[in-house]
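Basis for what follows: all heavy atoms, side chains included, without hydrogens, waters or symmetry-related copies.
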Amino acid sequence: MTGLVRSSVDLDPRRRRILFRCWHRGIREMDLMLGQFCEAEIAGLSDEDLDELERIMAEEDNDLVRYITGAEPVPAHLQTPLFERISALRPDFSPVVDEKAAK
């Protein structure tokens, strides 16, 4: 998946804003991790989950990538069930290859 597939038409303004921000993080790895998670889960998240997701989104992208990939230990304030669900998602970071050009 390389971008937004889900329509946000049925979402309230807060969820739309969060979904957009998850797909427009600043570094592609975080776009894929948070974007895919949010796209799949946003409609069912409680207000408390949305609050926590916004706190997670306030972290620096490079730090989040290191925590999610295990390059650095996850700090105590991020050791939550929601962060574990986000971390469990393993997007495909493989580059898209033009098979005709590769031959």
Problem set entry | Separation between CG of Leu82 and CD of Glu52, rounded to the nearest 0.5 Å | 4.5 Å
Seminar exercise, completed: In this structure, CD of Gln79 is separated from OG of Ser87 (nearest 0.5 Å) by 10.5 Å
For this session: Determine, stepwise, if the pair Val65 / Met33 fulfils side chain to side chain contact (heavy atoms under 4.5 Å, CB included).
Result: CA-CA 9 Å; Val65 169; Met33 285 185 229; 4.3 Å; yes
Problem set entry | Same apolar cluster (I L V M F W Y, side chains within < 4.5 Å links), Ile27/Ile18 | yes
Exercise. Rounded to the nearest 0.5 Å, how far apart are CG of Leu64 and CD of Glu29?
Worked result: 12.0 Å
Exercise. Would you call Pro75 and Tyr67 a side-chain contact if the rule is heavy atoms closer than 4.5 Å?
Worked result: yes
Exercise. Roughly how far, to the nearest 0.5 Å, is the OG1 atom of Thr80 from the CD1 atom of Ile86?
Worked result: 7.5 Å
Exercise. Roughly how far apart are Asp61 CG and Asp31 CG, rounded to 0.5 Å?
Worked result: 8.0 Å
Exercise. Counting distance only, does the side-chain N/O of Arg25 pair as donor-acceptor with the main-chain N or O of Met57 below 3.5 Å?
Worked result: yes
Exercise. Given Glu59 and His77, is the side chain to side chain contact (heavy atoms under 4.5 Å, CB included) satisfied, shown in steps?
Worked result: CA-CA 11 Å; Glu59 298 285 326; His77 71 280; 2.9 Å; yes
Problem set entry | Inter-residue atom distance Leu34.CG - Leu53.CG, 0.5 Å rounding | 6.5 Å
Exercise. Glu54: what forms a side-chain hydrogen bond (donor to acceptor under 3.5 Å, both in side chains) with it, not counting sequence neighbours?
Worked result: Arg14
For this session: Assess whether side chain to side chain contact (heavy atoms under 4.5 Å, CB included) is satisfied between Leu50 and Ile42, documenting all intermediate values.
Result: CA-CA 8 Å; Leu50 293 176; Ile42 192 72; 3.7 Å; yes
For this session: Among residues two or more places apart or on two chains, list those pairs meeting salt bridge (Lys or Arg N to Asp or Glu O under 4.0 Å) that have a residue in residues 65-74.
Result: Asp63-Arg66, Arg66-Glu72
